[in-house]
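Take a look at the structure set out below.
One-based numbering along the sequence shown.
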Amino acid sequence: MSTPEIQSVLSQMRQLAADAGGVSRSGFTDGRGGFAGELRASLERINGLQQAAGEQARAFQAGDPNVSLPQVMVDSQKASVAFEMGVQMRNRLVSAYKEIMNMQV
């Protein structure tokens with residue numbers, strides 16, 4: 001690929017990113033969220049699931065009659081699966097980052 005072709009492809013990628021995620025051509029977000037916003041929201045959801053599972057477990061251990069063992073176990077498993085998904089997402093992002101950094105331009 002020649003330099004003009006590379007510049008053309010980069011320009012197209014920037015435009016697609018701007019259209020898809022609220023990122024301006026300068027590379028900064030314009031407040032609509034984008035990838036970083038979605039990533040932050042998903043991490044907050046994972047954190048919320050973990051906190052809810054912990055609160056339910058503490059309530060069950062304290063003898064709260066409104067909390068049953070199956071509820072505690074289901075919420076605990078939801079939090080565990082969500083956390084594992086977050087770890088796998090991080091691993092794939094790091095792998096993609098390393099692959100991009102190893103590309104020769």
Side-chain angles (χ1 to χ4, degrees):
M1 261 186 151
S2 66
T3 303
E5 291 173 334
I6 291 172
Q7 292 301 325
S8 173
V9 170
L10 285 174
S11 173
Q12 290 174 356
M13 290 174 63
R14 286 186 185 118
Q15 181 59 41
L16 288 172
D19 292 343
V23 178
S24 67
R25 289 184 183 204
S26 64
F28 296 104
T29 60
D30 62 1
R32 291 188 299 186
F35 180 76
E38 287 299 318
L39 183 60
R40 179 179 298 267
S42 66
L43 291 175
E44 288 172 355
R45 284 191 297 268
I46 292 170
N47 186 41
L49 285 171
Q50 288 182 326
Q51 288 180 351
E55 289 171 10
Q56 283 222 333
R58 283 188 289 280
F60 180 77
Q61 290 171 351
D64 187 348
N66 297 326
V67 179
S68 67
L69 181 59
Q71 286 176 323
V72 172
M73 297 305 294
V74 167
D75 286 347
S76 176
Q77 286 300 308
K78 283 182 185 179
S80 177
V81 168
F83 180 76
E84 185 62 31
M85 184 269 312
V87 169
Q88 291 300 321
M89 184 174 58
R90 182 217 49 200
N91 291 344
R92 294 215 179 184
L93 285 171
V94 169
S95 174
Y97 174 78
K98 287 179 180 178
E99 186 175 327
I100 290 171
M101 292 306 294
N102 288 332
M103 285 182 167
Q104 293 183 356
V105 178

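The distance from atom CZ of Phe83 to atom CD of Gln88, rounded to the nearest 0.5 Å, is 10.5 Å. For the atom pair Gln51 CD and Glu44 CD, the distance stands at 10.5 Å (nearest 0.5 Å). Ser76 contributes atom OG, which lies 13.0 Å from atom CD of Gln71 (distance to the nearest 0.5 angstrom). Taking CD1 of Ile100 as the reference point, atom OG of Ser95 lies at 9.5 Å (rounded to 0.5 Å). Once rounded to the nearest 0.5 Å, the distance linking CD of Gln56 with CZ of Arg58 reads 11.0 Å.
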Please evaluate residues Met89 and Leu39 with respect to the criterion side chain to side chain contact (heavy atoms under 4.5 Å, CB included), reporting the C-alpha separation (whole Å), side-chain torsions for both, the decisive distance (0.1 Å), and the verdict. CA-CA 10 Å; Met89 184 174 58; Leu39 183 60; 3.5 Å; yes

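The side-chain heavy atoms of Asn91 and Val87, taken from C-beta on, include a pair separated by under 4.5 Å.
Hydrophobic cluster membership of Phe60, counting Ile, Leu, Val, Met, Phe, Trp and Tyr whose side-chain heavy atoms lie under 4.5 Å apart directly or via other members: Val67, Leu69, Val72, Met73.
The two residues Leu49 and Lys78 come nearest to each other via the heavy atoms CD1-O, 4.3 Å.
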